[in-house]
Amino acid sequence: MTAKISYDEVEVGTELPGQSFPVSRAALVQYAGASGDFNPIHWNEKFAVAVGLPDVIAHGMFTMASAIRVVTDWAGDPGAVAEYGVRFTKPVVVPNDGTGAVIEVTAKVAAKLDDAERTVRVDLTAMADGQKVLGMSRAVVRLA
């Protein structure tokens, strides 16, 4: 598979389509099973509160994986992502209210890096409950 977006047609400042990702307690339990990360702060409200958290929180890697979907959906190929890194700035608090939380992600092309490699840097912004939950969220993407 290859990226469907052409390097030649992308400009610095190009905004990728933003997306919203709902996060439920059930999704966290499913992620725990898939990842093997059964830390009780991600599913047990009593434990999370006892260790000083406001409630159950989403796994950092779950948040990170949700955010990069904006880039992979835009590029048309998950394999187009050559590098991806974030800093975890705030947890995504997931209340047990039948709704859960929502991660809102926007992104834009911040730089054209290498004409020969046809790579761009995409900067992402991930928000939950009005707070930035990922910092320095950047991906290097190889385009067609």
Heavy-atom closest contact ([X] atom, [Y] atom, distance):
| X | Y | value |
| --- | --- | --- |
| Pro95 | Ala101 | CD-N, 4.4 Å |
| Val102 | Ser20 | CG1-CB, 3.9 Å |
| Phe47 | Asn44 | N-OD1, 2.9 Å |
| Pro54 | Val49 | O-CG2, 4.0 Å |
| Ala67 | Leu134 | CB-CD1, 3.8 Å |
| Val70 | Pro17 | CG1-O, 3.4 Å |

Candidate pair Lys4 and Trp74, rule side chain to side chain contact (heavy atoms under 4.5 Å, CB included), full reasoning: CA-CA 8 Å; Lys4 295 177 181 173; Trp74 171 72; over 6 Å; no

Whether [X] side chain and [Y] backbone form a donor-acceptor pair below 3.5 Å:
| X | Y | value |
| --- | --- | --- |
| Thr119 | Arg142 | no |
| Lys108 | Val12 | no |
| Thr14 | Glu11 | yes |
| His59 | Asp37 | yes |

Hey, any chance [X] and [Y] share a hydrophobic cluster, counting ILVMFWY side chains that come within less than 4.5 Å of each other, even indirectly?
| X | Y | answer |
| --- | --- | --- |
| Ile41 | Ile103 | no |
| Leu124 | Met136 | no |
| Met61 | Phe38 | no |
| Val29 | Val92 | no |
| Met64 | Met127 | no |

Without hydrogens or angle criteria, can the side chains of Asp115 and Tyr7 be said to hold a donor-acceptor pair below 3.5 Å? yes

Can you classify the ring geometry of Phe62 versus Tyr31 as parallel (below 30°), tilted (30 to 60°) or perpendicular (above 60°)? perpendicular

Can you confirm whether [X] sits close enough to [Y] that some side-chain heavy atom of one is under 4.5 Å from a side-chain heavy atom of the other?
| X | Y | result |
| --- | --- | --- |
| Val105 | Thr125 | no |
| Val56 | Val93 | no |
| Glu45 | Asn96 | yes |
| Val81 | Val71 | yes |
| Val141 | Tyr84 | no |

Once you round to the nearest 0.5 Å, how far does [atom1] of [X] lie from [atom2] of [Y]?
| X | Y | atom1 | atom2 | result |
| --- | --- | --- | --- | --- |
| Arg138 | Arg87 | CZ | CZ | 9.0 Å |
| Thr63 | Ile68 | OG1 | CD1 | 13.5 Å |
| Leu16 | Asp123 | CG | CG | 10.5 Å |
| Lys90 | Asp129 | NZ | CG | 11.5 Å |
| Ser24 | Gln30 | OG | CD | 6.5 Å |

With a 4.0 Å cut-off on N to O distance, would you call Asp55 and Arg25 a salt bridge? yes

So that I can tick it off, tell me whether Arg118 and Asp8 are bridged by a salt bridge, with the cut-off set at under 4.0 angstrom between side-chain N and carboxylate O. yes

Side chain to side chain donor-acceptor pair (under 3.5 Å) between Gln19 and Asp73, intermediate numbers included: CA-CA 10 Å; Gln19 293 187 50; Asp73 288 354; 2.9 Å; yes

Output, in order, the C-alpha distance, side-chain angles, deciding distance and verdict of side chain to side chain contact (heavy atoms under 4.5 Å, CB included) for Val140 and Leu113. CA-CA 8 Å; Val140 174; Leu113 301 177; 3.9 Å; yes

Side chain to side chain contact (heavy atoms under 4.5 Å, CB included), that's the test. Do Trp43 and Leu28 meet it? Break it down for me. CA-CA 7 Å; Trp43 56 270; Leu28 296 182; 5.7 Å; no

Test side chain to side chain contact (heavy atoms under 4.5 Å, CB included) applied to Thr72 and Asp77, step by step: CA-CA 6 Å; Thr72 59; Asp77 177 10; over 6 Å; no

